[in-house]
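Beneath this line is the structure, given in C-alpha cells, with notes to follow.
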Amino acid sequence: MILVMKQNASARQVAEVIARIESDGYTAHLSEGGDHTIIGIVGHSPTPLKAETYVPMEGVEKVVPVSVPYKLASRSFHPKNTEVPLNGSHLGGEKVLVIAGPCSVESREQIIETACAVKEAGATALRGGAFKPRTSPYSFQGHGEKGLQWLAEARERSGLPIVTEVMDPALVPMVCQYADVLQIGARNMQNFTLLNAAGESQHTVLIKRGMSSTIEDLLMAAEYVLSHGNNRVILCERGIRTFETFTRNTFDLNAIPVLKHLTHLPVIADPSHAIGKSEYVEAIAKAAVASGADGLIVEVHLNPAQAMSDGRQSLTPQAFQQMMTQIRRVAQAVDRTA
Ligand code: PEP
Ligand code: MN
C-alpha cells in the first residue's frame, strides 16, 4: 500500500502517519515524489493493513493499493527516475553511461592498461571480475583479493570507479573496500542471502538479470536490496536463455522499455553477454540505447584471443572506441548524450 501525502502536508503529519504504520507492525519507506511525499508501507504484521486506517489521517491525500509484489521498486512508489551517482554523472539521468573492461582481471598491467584505454574512449567506470562464476570448476576462477587490489590501482591511475562481482555474502565487506559498485551476477540473482548482504552494505548494487528469470523476478531481486533502505540499485538486462543456440543468449530488448515503465531504477544493458560474439556487440548496444537504456556494460580486452574468459565476446579497445562513436549518435537521436 502506498500513501500519497497532500502537497502541503507538514512534517508532523508525515511523522504521525509513520508512527501509526510502525505501531501496526509495518515498515514505512519515504519517497519524495516531486510535489508530494509518498510513503510505502511494507512488511507483514498480524494487524491487517486497511486503507480505512489511513484515509482519515491528517495530511493524507490518497491511499493507493499496490498490486505488484515489488513495492519499493515500483514507479507508483517513486514516480521520478532514481539517479544513481557514478563518477560525477548519474545513471538514470540524461547521459547514457558506459561501464567497460575485461571479463576477468588477469594481471596488474592488463587492468591498468585497459582502464586507461576505455577511459580514453569515454567510459565512465571500469568493470573487471576478481571472483568469477564459471560453469566449470576447472576454468579460471579469478585472482580474488589480489585482483581487487589491481582494480584499486587501476582506479587510482585512471580515475574510473570500479564495478566488480561479489559471489559470497561473507565477502561483501571485503569487496566493498575496493569496489564502487557491487555486481550481483546472473547466476546469483536469486541468492537472497547475497542480496540481503549487498543491501545492508549500503553500497551501490548492479543486479544482472538471471538467465532464466522473468522481469518480475529481477524486480523482486531489486526489492531485496531496496528493503534495506539502500536505493542505489542498477538493473541490467544481459540476455536470457532461449532455444536459440547461434548466439550465447537472446537479448531481451523488450525488457528495457518494460523495466523503464515498471520501475524508477536505472536500467542498463550488457550486449556482450547478451549475444556472446564480438562482431554483433555494437549493434545490440545501439539497440539498447535506442530503446531507452540508461547505460551499458561492455567487455573489452586488449587481446581477446588470449583472454582467460569471454574472449569471444570481448571488443578490442579500437572496436570499443568505434562503438562509443556510434552510441553517441544513437543517444543524440533519442535526445540523450553519451
Ligand atoms: C560478467 O559480467 O562477466 C558475468 C559473469 O556476467 P553474468 O553474470 O551476466 O553472466
Ligand atoms: Mn564475462
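Ring planes of F77 and H29: perpendicular class, angle over 60° (limits at 30 and 60°).
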For this session: Could you check H203 against D180 for side-chain hydrogen bond (donor to acceptor under 3.5 Å, both in side chains), going step by step and ending with a plain yes or no?
Result: CA-CA 7 Å; H203 237 66; D180 298 278; over 6 Å; no
For this session: Any chance you could lay out the side chain to side chain contact (heavy atoms under 4.5 Å, CB included) test for L219 and L259, step after step, and finish with the verdict?
Result: CA-CA 8 Å; L219 291 167; L259 283 166; 3.8 Å; yes
For this session: Decide side chain to side chain contact (heavy atoms under 4.5 Å, CB included) for T53 and R20; before the verdict, give the C-alpha distance in whole Å, the side-chain angles of both, and the deciding distance to 0.1 Å.
Result: CA-CA 9 Å; T53 312; R20 179 62 206 254; 3.3 Å; yes
Problem set entry | Working for side chain to side chain contact (heavy atoms under 4.5 Å, CB included), residues Y178 and T164 | CA-CA 9 Å; Y178 301 95; T164 196; over 6 Å; no
Exercise. Should H78 and E32 be marked as a side-chain hydrogen bond (donor to acceptor under 3.5 Å, both in side chains) after you check the CA-CA gap, both sets of side-chain angles, and the distance that decides it?
Worked result: CA-CA 7 Å; H78 192 288; E32 299 301 335; over 6 Å; no
Problem set entry | Worked verdict on M1 versus V63 for side chain to side chain contact (heavy atoms under 4.5 Å, CB included) | CA-CA 7 Å; M1 190 184 282; V63 178; 3.6 Å; yes
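Proximity of V225 to N196: side-chain heavy atoms (C-beta onward) are nowhere separated by under 4.5 Å. Side-chain atoms of L235 and I268, non-hydrogen and from C-beta on, never get closer than 4.5 Å to each other. A heavy-atom distance below 4.5 Å is found between the side chains of T204 and I234. Annotation: side chain of I39 is in contact with side chain of V14 (closest heavy-atom distance under 4.5 Å). Side-chain contact between Y70 and L226 is absent, with no heavy-atom pair separated by less than 4.5 Å. A 4.5 Å side-chain heavy-atom check between K146 and Q149 finds at least one atom pair inside the cut-off. Looking only at side-chain heavy atoms (C-beta outward), T316 and V300 stay at 4.5 Å or farther from each other. For the pair V98 and M324, the minimum side-chain heavy-atom distance is below 4.5 Å.
Here the straight-line distance linking atom NE2 of H228 with atom CG of L195 works out to 8.5 Å at 0.5 Å rounding. For the atom pair I2 CD1 and S76 OG, the distance stands at 4.0 Å (nearest 0.5 Å). Separation of atoms CD (Q110) and CZ (R108) is listed at 12.5 Å; rounding is to 0.5 Å. The CZ atom of F320 lies 10.0 Å from the OG1 atom of T325; values are rounded to the nearest 0.5 Å. We find the CD-OG distance between E22 and S45 to be 12.0 Å, quoted to the nearest 0.5 Å. Annotation: the span from M220 atom CE to T214 atom OG1 amounts to 10.0 Å, rounded to 0.5 Å.
In this structure a side-chain-to-backbone donor-acceptor pair under 3.5 Å is missing from Q332 to R328. In terms of modelled atom types and a separation under 3.5 Å, the side chain of T124 and the main chain of L97 share no donor-acceptor contact. Between the R127 side chain and the P102 main chain, a donor and an acceptor come within less than 3.5 Å of each other. For K132 (side chain) and C103 (main-chain N/O), a donor-acceptor pair under 3.5 Å exists by modelled atom type. The closest donor-acceptor contact from the side chain of H36 to the backbone of M5 lies under 3.5 Å. A donor-acceptor pair under 3.5 Å is absent between the side-chain atoms of E216 and the main chain of L218, judged by distance alone. Side chain of Q13 to main chain of M57: no donor-acceptor pair is present (N/O by atom type, distance under 3.5 Å, no hydrogens or angles). Checked by atom type and distance alone, the side chain of D24 never pairs as donor or acceptor with a backbone atom of T47 at under 3.5 Å. Under a 3.5 Å cut-off, the side chain of R238 and the backbone N or O of M211 do not form any donor-acceptor pair. Checked by atom type and distance alone, the side chain of S139 never pairs as donor or acceptor with a backbone atom of T135 at under 3.5 Å.
A salt bridge is absent between D294 and K95: the closest approach of a Lys/Arg side-chain nitrogen to an acidic carboxylate oxygen does not fall below 4.0 angstrom. Under 4.0 Å is where a charged nitrogen must lie from a carboxylate oxygen, and between E223 and K71 no such pair does. With salt bridges taken as basic N to acidic carboxylate O contacts below 4.0 Å, none links E113 and R157. Salt bridge status for D35 with K6: absent, with no side-chain N to carboxylate O gap under 4.0 Å. Between E165 and K208 there is no salt bridge, since none of the side-chain N atoms of the basic residue sits less than 4.0 Å from a carboxylate O of the acidic one. Using a cutoff of 4.0 Å between basic side-chain nitrogens and carboxylate oxygens, R209 and D217 are not scored as salt-bridged. A salt bridge links R12 with E16: the closest approach of a Lys/Arg side-chain nitrogen to an acidic carboxylate oxygen falls below 4.0 angstrom.
Around the CD atom of E279, the shell of radius 6.0 Å holds more than 12 heavy atoms that belong to other residues, nucleotides or ligands. Environment of CZ in R134: crowded, with over 12 heavy atoms of neighbouring residues, nucleotides or ligands closer than 6.0 Å.
Residues V118 and I111 share a single hydrophobic cluster, defined by chaining ILVMFWY side chains whose heavy atoms lie under 4.5 Å apart. In this structure, M189 is a member of the same hydrophobic cluster as V267, with clusters built from ILVMFWY side-chain heavy atoms closer than 4.5 Å. Both Y26 and I18 are members of a single hydrophobic cluster when ILVMFWY side chains are connected at heavy-atom separations under 4.5 Å. Linking Ile, Leu, Val, Met, Phe, Trp and Tyr residues whenever their side-chain heavy atoms come within less than 4.5 Å leaves V233 and V84 in two separate clusters. Residues V66 and V17 fall into different hydrophobic clusters, defined by Ile, Leu, Val, Met, Phe, Trp and Tyr side chains chained together at heavy-atom separations under 4.5 Å.
Side-chain N/O atoms of H301 and E106 include a donor and acceptor closer than 3.5 Å. Residues H273 and N249 have side chains that never bring a donor and an acceptor to within less than 3.5 angstrom of each other.
In plain terms, the two heavy atoms of H264 and S74 that are nearest each other are CD2-O, 3.3 Å. I327 and A338 get closest at one heavy-atom pair: CG2-CB, 3.7 Å. Nearest heavy atom pair, residue L182 against residue S201, reads CD1-OG, 3.8 Å. The two atoms that bring L265 and K260 nearest to each other are O-NZ, 4.2 Å, heavy atoms only. Closest heavy-atom contact between I297 and P271: O-CD, 3.4 Å. For V105 against H143, the heavy-atom pair with the smallest separation is O-CD2, 3.2 Å.
With F246 as the aromatic partner, K277 meets the cation-pi criteria of under 6.0 angstrom to the ring centre and within 45 degrees of the ring axis.
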